[in-house]
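FYI, the numbering just counts along the sequence from 1.
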Amino acid sequence: MEFYYDVIVIGAGHAGCEAAAAAANLGAKVSLITMDMNKIAQMSCNPAVGGIAKGQIVREIDALGGYMGLVTDSTAVQFRMLNRSKGPAMWSPRAQCDRGKFIWAWREILENIPNLNIWQDTVTEVLVENGEVTGVKTQLEVVFHAKSVVITAGTFLNGLMHFGRVQLPGGRVAEMASYGLTESIARNGVSYGRMKTGTPVRIDGRSVHYDLMDTQDGENDFHSFSFMSEPRKLKQLQCWTCFTNPEVHEILRNGLPDSPLFNGQIKSIGPRYCPSIETKIVTFPDKEQHQLFLEPEGETTRELYLNGFSSSLPIDIQIAALKKIPAFRDLVVYRPGYAIEYDYFYPTQLKHTLESKIIKNMFFAGQVNGTTGYEEAAGQGLVAGINAAINCVGGEPFVLQRDEAYIGVLIDDLVTKGVDEPYRMFTSRAEYRILLRQDDADMRLTERAYNLGLAKRDRYDRLCRKREDVERIIKFAETYSIKADLINPALEQLGTTPLRHGCKLIDLINRPQITLSNIAEHVAAFKRLLDQITERKDETLEAAEVRIKYQGYIDRERMIAEKMQRLESIKIKGKFDYASLNSLSTEARQKLVKIDPETLAQASRIPGVSPSDINVLLVLMGR
């Protein structure tokens with residue numbers, strides 16, 4: 001049997017769902033092929049979305065017309081804004097979700113997008129002719145012909161799970177691995193490697209002594225992931241925290257000879273920033289305790305996720321160690337933690353569109369590119385899906401720059417620097433993070449998505465109203481004069497220094513003790529202006545206040561970004577035979593040949609290419 005599509009997406013994880021939805025919403029005829037339709041957008045590890053920098057990525061996905069933010073808001077059982085003690089560039093939303101409801105919310109979306117079909121099967125081969133992908137073949141020997149193919153196979157490619165010395169093939173616990181696809185792609189010249197990740201034990205909540213743990217409550221204010229969401233629907237739940245202790249560490253330490261990470265059983269590289277508990281006790285031998293977070297898996301289930309206790313130690317050792325924590329002395333588990341090894345493809349073989357440099361019209365997104373996390377995967381999936389659809393009909397490639405989005409930083413890091421360990425996004429990876437705040441993702445990206453045809457009219461209209469409201473607030477604050485004798489009693493009440501003479505309202509708002517809301521109570525004209533804002537008022541006020549208080553920093557960072565854009569405009573791909581340029585360092589020649597950067601700015605970000613090497617290229621460009 002044969003089928004004909006514009007775009008085939010392999011794998012219905014977070015990358016695959018966003019890729020299929022984006023391509024279909026741009027008018028492409030799409031088939032999303034998955035092993036199990038009941039595991040679409042499965043949250044393989046923690047049923048949580050967001051976190052440091054990851055939350056910003058989800059806001060960007062939403063601003064671009066993706067769905068992860070909407071699904072998260074509709075299935076959240078706890079929401080928190082992390083890093084509130086820091087500046088707004090660091091604020092990062094995070095939500096604990098109902099695992100089962102998350103899957104079905106995504107499936108309902110996908111099943112109702114025109115042009116999008118779902119097929120349950122396993123892809124075993126990509127079909128390539130003359131260096132261009134033409135389709136795929138499945139385990140059921142069905143052939144799908146396509147103009148573009150997006151690979152989002154997650155951890156399933158030759159997946160191998162480790163439970164102590166027990167090894168089981170699989171892409172996830174109780175799910176088959178995918179065989180043949182890696183080798184099929186590699187036969188066409190694409191290089192690959194192996195990585196490892198892990199997940200913690202799942203606990204029966206009825207066996208936990210909650211009174212021996214500290215509670216961690218969520219927040220129920222106006223913040224959300226989507227710029228279009230309604231208030232959260234599900235019951236909001238608590239999380240809990242506790243700590244390991246020396247007795248726990250002793251049991252874990254005695255079990256290390258049976259740990260796949262330390263007995264040579266696992267040879268691939270695991271995530272630095274999400275280490276297993278056995279890695280923690282080896283790396284930090286003097287540390288007597290490590291914090292653990294006990295988090296709900298859903299609104300009604302008793303299943304709990306133990307964040308911070310990822311492990312591939314034998315089952316008995318995991319349970320024995322946990323029972324030394326007072327809150328878990330009567331512990332009952334649903335399943336132990338485990339590690340999984342899987343294939344990934346070196347991302348330096350990709351363009352910024354996530355299209356392969358080797359196989360035309362084939363795209364890669366998610367953990368197959370060496371990343372970790374649902375959010376990083378979904379952001380890549382969105383970009384890959386957009387460009388896969390564009391490649392079907394022709395048009396300008398869709399690329400996000402480093403000063404436009406965390407997704408742009410993520411993809412540029414992958415294709416320019418590559419990975420030697422699973423990549424995780426942090427705010428520190430973005431040099432323009434003051435420009436990439438979670439509050440203004442819509443301001444940065446929605447108009448681009450609307451012009452592309454991905455963001456719908458209602459989203460664009462809402463952006464325009466918000467932008468107009470923010471500008472009105474700022475203009476009023478810049479021009480409205482405040483008299484000292486009239487405002488000083490209020491300033492003293494708000495805990496800030498009285499005025500000696502009059503000033504503009506914006507000068508008061510710049511004070512740390514002053515907010516738009518609290519000063520409006522004492523400036524009648526300003527309050528009337530704010531009362532006119534009826535749609536998502538709190539969100540609009542926050543955006544305006546951040547702009548006012550941080551405008552100097554924003555302007556300075558924008559100026560730096562614009563300087564770098566000059567290098568982005570200097571195209572160098574195909575203009576040099578780097579291997580013959582003896583004026584470059586040996587390392588620079590090797591790295592430039594391997595990466596073959598598009599622009600001088602990209603070349604400057606390649607590890608091993610020094611500023612002096614960039615100056616040499618600038619001189620040669622001048623010639």
Could you tell me whether Asp439 and Arg437 make a salt bridge, using a distance below 4.0 angstrom between a side-chain N and a carboxylate O?
-> yes
Should the pair Glu183-Arg187 be classified as a salt bridge under the 4.0 Å nitrogen-to-oxygen rule?
-> no
Would you please indicate yes or no on a ring centroid separation below 6.0 angstrom for Phe225 and Phe227?
-> no
Using the test salt bridge (Lys or Arg N to Asp or Glu O under 4.0 Å), find all partners of Arg558 that sit at least two apart in sequence or belong to another chain.
-> Asp403
Asp413 bridged to Arg402 by N-O distance under 4.0 Å = yes
Does Tyr460 have any ring pair (Phe, Tyr, Trp, His ring centres under 6.0 Å) partners at least two apart in sequence or in another chain, and if so, which?
-> Tyr450
Check: Glu598/His352 side-chain N/O donor and acceptor closer than 3.5 Å = no
Contacts satisfying salt bridge (Lys or Arg N to Asp or Glu O under 4.0 Å) that involve residues 353-366 (not counting sequence neighbours) are Lys351-Glu355
Side chain to side chain contact (heavy atoms under 4.5 Å, CB included) assessment of Phe345 paired with Ser191 | CA-CA 6 Å; Phe345 300 95; Ser191 301; over 6 Å; no
Is Asp458 salt-bridged to Arg462, going by a charged N under 4.0 Å from an acidic O?
-> no
Aromatic contact, Tyr4 with Phe144 (centres under 6.0 Å) | no
Report the residues that fulfil salt bridge (Lys or Arg N to Asp or Glu O under 4.0 Å) with Arg566, sequence neighbours left out, ordered by chain and then residue number.
-> none
Only one of Val142, Ile8, Val143 forms a side chain to side chain contact (heavy atoms under 4.5 Å, CB included) with Phe3, so which one is it?
-> Val142
Do NZ/NE/NH1/NH2 and the carboxylate oxygens of Asp36 and Arg172 come within less than 4.0 Å?
-> no
Looking at side-chain heavy atoms only, is the closest gap between Ile572 and Thr599 below 4.5 Å?
-> no
Would you check if there is a donor-acceptor pair between the side chains of Thr371 and Gln380 at a distance under 3.5 Å?
-> yes
Sequence neighbours excluded, the answer for salt bridge (Lys or Arg N to Asp or Glu O under 4.0 Å) partners of Lys54 is Glu375, Glu376
Taking NZ, NE, NH1 and NH2 as the nitrogens, is one of them in Arg444 or Glu60 under 4.0 Å from a carboxylate oxygen of the other?
-> yes
Listed partners of Arg467 passing side chain to side chain donor-acceptor pair (under 3.5 Å), at least two apart = Glu447
Check ring pair (Phe, Tyr, Trp, His ring centres under 6.0 Å) between Phe156 and all other residues, then give those that pass, not counting sequence neighbours.
-> none
Polar side-chain atom of Lys575 near backbone of Lys571 as donor-acceptor pair, under 3.5 Å = yes
Can you list the residues that meet the salt bridge (Lys or Arg N to Asp or Glu O under 4.0 Å) rule with Arg448, with sequence neighbours excluded?
-> Glu404
With Glu421 as partner, the option from Arg272, Lys196, Arg194 fulfilling salt bridge (Lys or Arg N to Asp or Glu O under 4.0 Å) is Arg272
Any chance you could lay out the side chain to side chain contact (heavy atoms under 4.5 Å, CB included) test for Leu592 and Asp596, step after step, and finish with the verdict?
-> CA-CA 5 Å; Leu592 288 165; Asp596 193 15; over 6 Å; no
Contact list for residues 122-147, test salt bridge (Lys or Arg N to Asp or Glu O under 4.0 Å), sequence neighbours left out = Asp6-Lys147
Side chains of Asn615 and Ser612: donor-acceptor distance under 3.5 Å anywhere?
-> no
Who passes side chain to side chain donor-acceptor pair (under 3.5 Å) against Thr155, sequence neighbours left out?
-> none
Under the 6.0 Å and 45° cation-pi test, does Arg429 pair with Tyr406?
-> no
So Asn25 and Tyr67, side chain to side chain contact (heavy atoms under 4.5 Å, CB included) or not? Walk me through it.
-> CA-CA 12 Å; Asn25 282 328; Tyr67 292 97; 3.0 Å; yes
Using a 4.5 Å cut-off on heavy atoms from C-beta on, say whether the side chain of Asn158 contacts that of Leu181.
-> no
By ring pair (Phe, Tyr, Trp, His ring centres under 6.0 Å), Tyr179 pairs with (sequence neighbours left out) none
Using ring pair (Phe, Tyr, Trp, His ring centres under 6.0 Å) as the criterion, list what pairs up with Tyr374, not counting sequence neighbours.
-> His14
